[in-house]
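Please read the structure below before turning to the comments.
In what follows, chains are A, B, ... by sequence order, proteins preceding strands, each numbered from 1. Remember, it's a predicted structure, so these values are computed and weren't measured experimentally.
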Amino acid sequence: MTYPTQLVELIEEFQDVEDQMERLEMVFEMADEVVVLPVDSWSDTTRIVGCQSEAHVYVVLQEGKVLISGGADSQLVQGLMGILTIAINGSAPAQALLLSPDFAQEMGVLNSLSPSRSNGFRNMFDKVMLEIRGLEA
Amino acid sequence: MALRDDFPILQRQVHGHPLVYLDNAATTQKPQVVIDAMNDYYTQSNANVHRAVHTLAGEATDGYEGCRTRLKTWFNAERAILTSGTTEAINLVAHAWGRANLTKDDAIVLTEMEHHSDIVPWQMLAEERGVEIRYVPVLDDYSLDMEVYEASLEGAKLVCVVHTSNVLGVRNPLETIIQLAHDAGAKVLIDAAQGVPHDRIDFDAFGPDFMAFSAHKMCGPTGIGALLVRPDVFEEMEPFMGGGDMIQTVTIEGSTYQTNEHKFEAGTPRIAEAIGWDAALGWMEQLDLKHEHKRLLEIARYTAKELRSLGMTVYGRHDDQDSAVVSFLHPTLHSEDLAHLLDAVGFAVRTGHHCAQPLLTRLGISSTVRASFYFYNTMDEAKSFVAQVKKILERFA
């Protein structure tokens with residue numbers, strides 16, 4: 001599929017790295033890209049269910065554009081949230097909804113995208129998309 | 001090392017590094033003889049069992065029933081019902097024995113250490129029948145509170161207890177648990193999924209009424225397991241699933257049932273898996289299980305000690321009868337992050353609640369990293385594992 005330019009650049013950056021440990025380190029660094037949702041705003045509504053880590057995400061529309069904020073106690077999960085932030089924050093909801101989760105596999109940072117109890121990224125991605133659909137309705 | 005050569009998967013690389021497989025409490029790898037046996041069945045003998053007279057059907061039936069015969073010999077048991085695994089075996093007890101023998105106000109005793117598969121079926125039955133569930137707490141030294149256990153036996157009909165914890169590796173005092181339960185008139189179900197891979201149990205001498213376990217945790221295929229049942233208790237079980245193979249006759253008015261294990265094996269069974277399991281047990285016959293268990297415990301003790309020196313909290317105690325499972329947590333680096341980073345250099349470990357949330361809640365945590373060792377693991381792998389954990393902590397923690 002066609003990804004937003006900023007995501008395409010990120011995918012290429014990750015694909016240029018051969019060492020998996022280095023690639024994961026890059027994901028860890030993406031944790032800083034997350035618009036922080038303060039811990040005292042974490043609730044059952046923001047919780048990403050099915051994530052091994054304690055991870056939360058909050059989605060709103062600001063001037064008609066998607067704004068996600070969140071946080072996680074796993075650096076990797078928060079890093080993936082950072083990548084998702086780069087991919088869709090500031091997009092129109094309809095445009096954000098076109099995004100496929102495949103980019104995480106293309107970047108070589110996840111072994112599987114199948115929904116499962118251990119797949120924090122997939123559960124996070126699905127929750128964000130569900131909430132955007134809700135905001136759009 | 002000859003034993004490792006039997007496992008083709010150990011030759012593979014993960015992210016450019018040799019695979020070090022330390023997720024054996026989840027599932028074990030399969031020796032070539034198991035893969036060959038299943039492949040031979042599909043390429044040479046594939047047919048349905050029990051119902052036809054042709055050559056292939058005979059070979060398939062002999063293969064399937066050969067597994068049962070091997071299990072009965074291996075475990076010294078008179079009745080071995082083949083199931084899809086430990087979970088189905090426990091559910092079978094709940095449905096086939098529980099529904100026929102438990103009524104409102106009867107009590108079942110469980111422990112806080114149980115796997116979800118030995119909790120949820122009983123909660124479902126309790127909800128349906130009004131059966132009371134009593135839980136035996138886990139103490140700070142990871143043992144069961146035996147005082148509470150004894151007290152909880154008053155009026156209990158069934159005790160369900162895990163042989164060896166999949167999180168802690170702790171082996172429970174089963175001989176005492178069984179004796180006390182029987183003295184109180186309660187039946188005993190042992191969840192032996194983590195026990196049978198390390199211990200060749202004599203079911204008859206050991207004395208529980210039911211014992212459930214899976215093939216895939218002892219070098220066999222996924223999708224098959226067994227429920228061993230004492231003969232007198234077997235007669236107290238009513239059919240659970242209806243269908244082909246479990247009947248003697250079917251008329252418009254009603255059906256009569258088989259009187260042997262087939263009564264609980266409705267439908268076409270897992271033939272290739274049974275043949276694979278038989279081959280796995282055949283392969284295990286060559287091992288000195290006691291020697292292997294001792295060797296693996298030494299590896300686990302070394303790993304636990306080294307991880308503690310790196311600042312990890314290690315859960316479990318690694319006594320002589322415990323299994324070679326090392327569950328641990330770092331104070332700041334999340335278990336999931338550590339597992340991903342270890343995978344990046346070829347180490348397969350498990351993270352999460354390990355389907356034992358009540359136990360983790362008791363321990364005050366929500367997940368651990370778990371390294372679990374089996375026959376093909378070596379002390380060199382453990383040393384390499386510890387060295388990698390150290391490197392990761394230096395870089396990421």
TODO: Heavy-atom distances under 4.5 Å only: say whether A:E25 touches chain B with side chain, backbone, both or neither.
DONE: both

Distance, nearest 0.5 Å, that separates [atom1] of [X] from [atom2] of [Y]:
X: B:H334; Y: A:L76; atom1: NE2; atom2: CG; answer: 10.0 Å
X: A:Q20; Y: B:H340; atom1: CD; atom2: NE2; answer: 9.5 Å
X: B:D343; Y: A:L24; atom1: CG; atom2: CG; answer: 8.0 Å
X: B:S366; Y: A:D73; atom1: OG; atom2: CG; answer: 7.0 Å

Tell me, yes or no, whether the heavy-atom count around [X] atom [atom1], taken from other residues, nucleotides or ligands under 6.0 Å, exceeds 12.
X: B:E127; atom1: CD; result: no
X: B:M124; atom1: CE; result: no
X: B:E394; atom1: CD; result: yes
X: B:Y135; atom1: OH; result: yes
X: A:D16; atom1: CG; result: yes

Open item on the list: With chain B as the partner, which of A:A72, A:G108, A:S74, A:G79 has the greatest number of non-hydrogen pairs under 4.5 Å?
Closed with: A:S74

Task: Heavy-atom closest contact (A:M21 atom, B:V345 atom, distance) - done: CE-CG1, 3.8 Å

- [ ] Could you look at B:I392 and say if it's the side chain, the backbone, both or neither that has a heavy atom under 4.5 Å from chain A?
- [x] side chain

